[in-house]
Amino acid sequence: AKALGFDRPTANSLDSVSDRDFALEALAAATLCGTHLSRLAEEIVIWMTPQFGFIKLSDAFTTGSSIMPQKKNPDAAELVRAKVGRLLGSFTQLTVVMKGLPLAYSKDMQEDKVPTFEAFDALELSLAAMAGMIGDLEPVAARMAQAAGAGYSTATDLADWLVRTLDMPFRDAHHITGAAVKRAEILGCDLADLPLSELQALSQGITADVYDVLTPRASAGSRKSYGGTSPEQVRAQIARWKEMLK
């Protein structure tokens, strides 16, 4: 066991020959990792579309369209997204092999090699591709900032302000905020651009201080609890993960 780098000898001889839990556990972990990579890849694919335009990738991780000269396809992200199918397939394949075997060695277990090795080849490639894309992508801050304020995203901040500042029951604050959003829709403006007179028509206690919470930047910055969205919390988590990943 020491020569092979194991923690200890196997305590049961039957377990030594009939068990493939180590491979199944590794494949389960690989599948879970691949699932997270796939979800991140899905975001990259969506964010690359003209409808979003949140990020840009260089030619190193994209290819041209065969018919549309202007189009850049995020092929690396799409392939990473697809690899989880191979990972999950390998886990399922070995599980199916093992599920009906008696507690002894059977030749069926030779089928553990191909799915396990193929899965980790796919995972290694996916990790390398994702690391490359993350290092390569360029955020389009202006488009992201514009999208962050869409759909009256700070309406909850307005309701929270009413509760916190005016000691208003949330039920009432929710009703007033809904009315404010409706009024903003009629006037064709964002909540942050709604005149103070319009807000005070809904509740006389509202002051100009309310505008401090009606921007996406203020909304994100106000979440200062551990793991929150404020810049200082995000920077703290980045620093923590950099230290852990050393």
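All figures in this text were calculated on a predicted structure; none of them were measured in a lab.
For the residue pair Asn73 and Thr62, no side-chain donor N or O sits within less than 3.5 Å of a side-chain acceptor on the partner. Side-chain contact of Ser58 with Asp136: a donor-acceptor pair under 3.5 Å is present, judged by distance alone.
Annotation: side-chain hydrogen bond (donor to acceptor under 3.5 Å, both in side chains) contacts of Arg235 (sequence neighbours excluded): none. In this view, Phe52 and Ile46, Trp47, Thr49, Phe54 satisfy the side chain to side chain contact (heavy atoms under 4.5 Å, CB included) rule, not counting sequence neighbours. Taking the side-chain hydrogen bond (donor to acceptor under 3.5 Å, both in side chains) definition, one finds that Thr35 meets it with nothing, sequence neighbours left out. With sequence neighbours left out, Pro139 forms a side chain to side chain contact (heavy atoms under 4.5 Å, CB included) with Leu137, Met144.
No side-chain heavy atom of Val84 sits under 4.5 Å from any side-chain heavy atom of Leu37. No side-chain heavy atom of His174 sits under 4.5 Å from any side-chain heavy atom of Leu162. Annotation: side chain of Leu196 is in contact with side chain of Ile206 (closest heavy-atom distance under 4.5 Å). Counting heavy atoms from C-beta on, the side chains of His36 and Cys33 never come closer than 4.5 Å. Residues Val181 and Leu191 are in side-chain contact: their nearest non-hydrogen atoms beyond the backbone lie under 4.5 Å apart. When side chains are defined from C-beta on, Met98 does not count as touching Asp19, because their heavy atoms never get closer than 4.5 Å. Residues Asp75 and Glu78 meet the side-chain proximity criterion, which asks for heavy atoms closer than 4.5 Å. Contact of the Ile55 side chain with the Ile44 side chain is registered, since non-hydrogen atoms from C-beta on lie closer than 4.5 Å.
Of all the heavy atoms in Pro195 and Leu187, the pair that sits closest is CD-CD1, 4.4 Å. Contact record, Leu87 with Gly34: CD1-CA, 3.7 Å, taken as the closest heavy-atom pair. Of all non-hydrogen atoms in Pro231 and Gly221, the two that sit nearest each other are CD-CA, 4.0 Å. Closest of all the heavy-atom pairs between Tyr226 and Arg240 is OH-NE, 3.7 Å. Looking at every heavy atom in both residues, Met48 comes nearest to Pro74 through CG-CB, 4.3 Å. Nearest heavy atom pair, residue Ala77 against residue Val45, reads CB-CG2, 3.8 Å.
Linking Ile, Leu, Val, Met, Phe, Trp and Tyr whenever their side-chain heavy atoms come within less than 4.5 Å leaves Val234 and Leu40 in two separate clusters. Under the 4.5 Å side-chain heavy-atom criterion for ILVMFWY residues, no single connected hydrophobic cluster contains both Trp161 and Val163. Linking Ile, Leu, Val, Met, Phe, Trp and Tyr residues whenever their side-chain heavy atoms come within less than 4.5 Å leaves Phe170 and Leu214 in two separate clusters. If you chain together hydrophobic residues whose side chains sit under 4.5 Å apart, Leu202 and Val213 fall into the same group. When the side chains of ILVMFWY residues are joined at heavy-atom separations under 4.5 Å, either directly or via intervening members, Met133 and Val140 end up in two distinct hydrophobic clusters.
No more than 12 heavy-atom neighbours from other residues, nucleotides or ligands sit within 6.0 angstrom of CZ on Arg8. Heavy atoms from other residues, nucleotides or ligands lying under 6.0 Å from CG of Asn12 number more than 12. By the 6.0 Å contact criterion, CZ on Arg217 is open, its count of non-hydrogen atoms from other residues, nucleotides or ligands being 12 or less. Counting non-hydrogen atoms of neighbouring residues, nucleotides and ligands closer than 6.0 angstrom, the CD atom of Gln204 reaches no more than 12 such neighbours.
Atom CD1 in Ile176 sits 4.5 Å away from atom OG in Ser203 (nearest 0.5 Å). Distance check, rounded to the nearest 0.5 Å: CD of Glu198 to CD1 of Ile186 gives 9.0 Å. Note: Phe61 CZ to Leu79 CG = 12.0 Å, rounded to the nearest 0.5 Å. The CG atom of Leu199 lies 6.5 Å from the CG atom of Leu158; values are rounded to the nearest 0.5 Å. Separation of atoms OG1 (Thr10) and CG (Asp7) is listed at 10.5 Å; rounding is to 0.5 Å. Taking OG1 from Thr207 and CG from Asp212, the interatomic distance works out to 8.5 Å, rounded to the nearest 0.5 Å.
Looking at Tyr105, its side chain never comes within 3.5 Å of a backbone N or O of Leu14 through a donor-acceptor pair. Ser90 contributes a side-chain N or O that, together with a main-chain N or O of Arg86, makes up a donor-acceptor pair within less than 3.5 Å. Checked by atom type and distance alone, the side chain of Ser225 never pairs as donor or acceptor with a backbone atom of Gly228 at under 3.5 Å. Between the Ser153 side chain and the Ala148 main chain, a donor and an acceptor come within less than 3.5 Å of each other. Judged by distance alone, with hydrogens and angles left aside, the side-chain atoms of Lys72 form a donor-acceptor pair with the main-chain N or O of Leu57 at under 3.5 Å.
Salt-bridge annotation for Arg81 and Glu42: present, with a side-chain N of the basic residue lying under 4.0 Å from a carboxylate O of the acidic one.
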Yes or no on salt bridge (Lys or Arg N to Asp or Glu O under 4.0 Å) for Lys56 and Glu138, after CA distance, side-chain angles and deciding distance? CA-CA 5 Å; Lys56 296 178 181 178; Glu138 176 186 347; 5.1 Å; no
Derivation and outcome, side chain to side chain contact (heavy atoms under 4.5 Å, CB included), residues Leu27 and Leu94: CA-CA 9 Å; Leu27 288 171; Leu94 184 55; 3.9 Å; yes
Applying salt bridge (Lys or Arg N to Asp or Glu O under 4.0 Å), run through Asp157 and Arg223 and close with a yes or a no. CA-CA 11 Å; Asp157 297 271; Arg223 271 68 177 179; 2.5 Å; yes
Output side-chain donor-acceptor pairs under 3.5 Å for residues 109-130, partner residues at least two apart or in another chain, one line each.
unit_1	atom_1	unit_2	atom_2	d
Asp112	OD2	Arg20	NE	2.8
Thr116	OG1	Asp112	O	2.7
Ser126	OG	Ala122	O	2.9

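Hydrophobic cluster membership for Met244: Trp241, Leu245 (Ile, Leu, Val, Met, Phe, Trp, Tyr linked by side-chain heavy atoms under 4.5 Å, directly or transitively).
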